[in-house]
Amino acid sequence: MRGLFLVLLFLAGCRYAFLPLDPGKPPPPSRPFLVARLQPEGEEASLALRVERLASPGYLHLKWYRGEALLLERALFLEGPGVYRLRLPLGEGYHRLLGLWGGEVLFQLDLGTPLLPDPDEEEDQGQGQEG
């Protein structure tokens, strides 16, 4: 009798730890999935955008920069999966394209080389002694 009680007590602890017992399929992601490619073509840059998954139609906001200066802002209305193309003015220097969806950065594409400080060059950080 005592052994049966211990077995029943042990089996009572073997339950599913979540309800419902079948959680079902997870909801689809709300963030769109796309593939973007930026290529220089003469005095312009060509953007090819392939949308693979889109939960709902909306605007993709594009910001085109040369260095730190904003050159152009565009909004593309994406209705669903498909291919979208856009041409952007291209000049000398470093360019970058930001794609924003719902106010959040979705992608960044670069053309050229950014101007970065030389890591070997010592800068005065103001921590030395004045003489």
Side-chain angles (χ1 to χ4, degrees):
M1 184 71 168
R2 184 175 175 194
L4 180 64
F5 177 73
L6 288 174
V7 169
L8 288 176
L9 184 63
F10 176 74
L11 290 177
C14 297
R15 292 184 279 188
Y16 288 103
F18 57 87
L19 291 175
L21 299 179
D22 180 14
K25 291 176 120 182
S30 61
R31 187 177 175 118
F33 177 73
L34 50 92
V35 178
R37 179 184 220 168
L38 187 63
Q39 291 183 325
E41 293 181 359
E43 294 183 8
E44 292 183 322
S46 175
L47 172 68
L49 190 68
R50 190 176 76 230
V51 178
E52 298 285 333
R53 178 186 66 227
L54 192 62
S56 62
Y59 284 96
L60 175 68
H61 295 274
L62 300 170
K63 294 188 177 194
W64 181 238
Y65 292 89
R66 179 183 301 139
E68 293 184 18
L70 178 63
L71 293 180
L72 184 69
E73 285 187 78
R74 292 258 171 99
L76 286 178
F77 185 72
L78 305 180
E79 296 184 65
V83 177
Y84 301 84
R85 298 194 183 279
L86 183 68
R87 292 217 177 282
L88 302 161
L90 184 62
E92 292 294 320
Y94 171 68
H95 290 74
R96 108 178 156 263
L97 177 69
L98 287 179
L100 296 105
W101 182 264
E104 295 181 10
V105 176
L106 191 58
F107 65 85
Q108 175 178 323
L109 302 172
D110 301 335
L111 283 178
T113 304
L115 296 175
L116 298 174
D118 186 5
D120 295 331
E121 181 181 312
E122 282 190 35
E123 290 187 27
D124 180 21
Q125 301 292 326
Q127 297 174 0
Q129 297 177 359
E130 291 183 29

Which heavy-atom pair separates Arg85 from Ala48 by the least distance, and what is that distance?
NH1-CB, 3.3 Å
Provide the closest heavy-atom pair for Trp101 versus Pro57 in the form atom of the first, atom of the second, distance.
CH2-C, 4.4 Å
dist Gln108:CD -> Leu38:CG (nearest 0.5 Å) comes out at 11.0 Å
If hydrophobic clusters are built by linking Ile, Leu, Val, Met, Phe, Trp and Tyr wherever their side-chain heavy atoms come under 4.5 Å apart, do Val51 and Phe77 end up in the same one?
no
Closest non-hydrogen atoms of Leu111 and Pro40, given as atom of the first, atom of the second and distance, are CD2-CD, 3.7 Å
Hey, is CD on Glu104 packed in by over 12 heavy atoms from elsewhere, all under 6.0 Å?
no
Out of curiosity, does Leu100 fall in the hydrophobic cluster containing Leu70 (side-chain heavy atoms, cut-off under 4.5 Å, transitive links)?
yes
Just do the side-chain contact (heavy atoms from CB on, under 4.5 Å) check on Tyr84 and Leu60 with the steps written out, would you?
CA-CA 11 Å; Tyr84 301 84; Leu60 175 68; over 6 Å; no
Closest non-hydrogen contact found for Leu54 with Glu79 is CD2-C, 3.8 Å
When you group the ILVMFWY residues by side-chain heavy-atom contacts below 4.5 Å and let the links chain together, are Leu90 and Leu71 in the same group?
yes
So, applying side-chain contact (heavy atoms from CB on, under 4.5 Å) with Leu97, which one of Leu72, Asp110, Leu86, Leu62 is it?
Leu62
Stepwise side-chain contact (heavy atoms from CB on, under 4.5 Å) check, Phe107 with Val35
CA-CA 9 Å; Phe107 65 85; Val35 178; over 6 Å; no
Using the rule given for side-chain contact (heavy atoms from CB on, under 4.5 Å), can you reason through Gln39 versus Arg37, listing the C-alpha separation, both sets of side-chain angles and the distance that settles it, and then say yes or no?
CA-CA 7 Å; Gln39 291 183 325; Arg37 179 184 220 168; 3.4 Å; yes
Run the side-chain contact (heavy atoms from CB on, under 4.5 Å) test on His95 and Leu88 for me, step by step, so that the C-alpha distance in whole Å, both residues' side-chain angles and the decisive distance to 0.1 Å come before the verdict.
CA-CA 10 Å; His95 290 74; Leu88 302 161; over 6 Å; no
Do any N or O atoms from the side chain of Trp64 and from the backbone of Arg74 form a donor-acceptor pair under 3.5 angstrom?
no
Any sub-3.5 Å donor-acceptor pair from Arg53's side-chain atoms to Arg31's backbone N or O?
yes
Taking every heavy atom of Leu106 against every heavy atom of Pro32, the minimum-distance pair comes out as CD2-CG, 3.9 Å
Take a 6.0 Å sphere around CD of Glu41 and say whether it holds more than 12 heavy atoms from other residues, nucleotides or ligands.
yes
Here the pair of heavy atoms bringing Ser46 nearest to Arg87 is CB-NH1, 3.4 Å
According to a 4.5 Å side-chain heavy-atom criterion applied to Ile, Leu, Val, Met, Phe, Trp and Tyr, with indirect links allowed, do Tyr65 and Leu109 form part of one hydrophobic cluster?
no
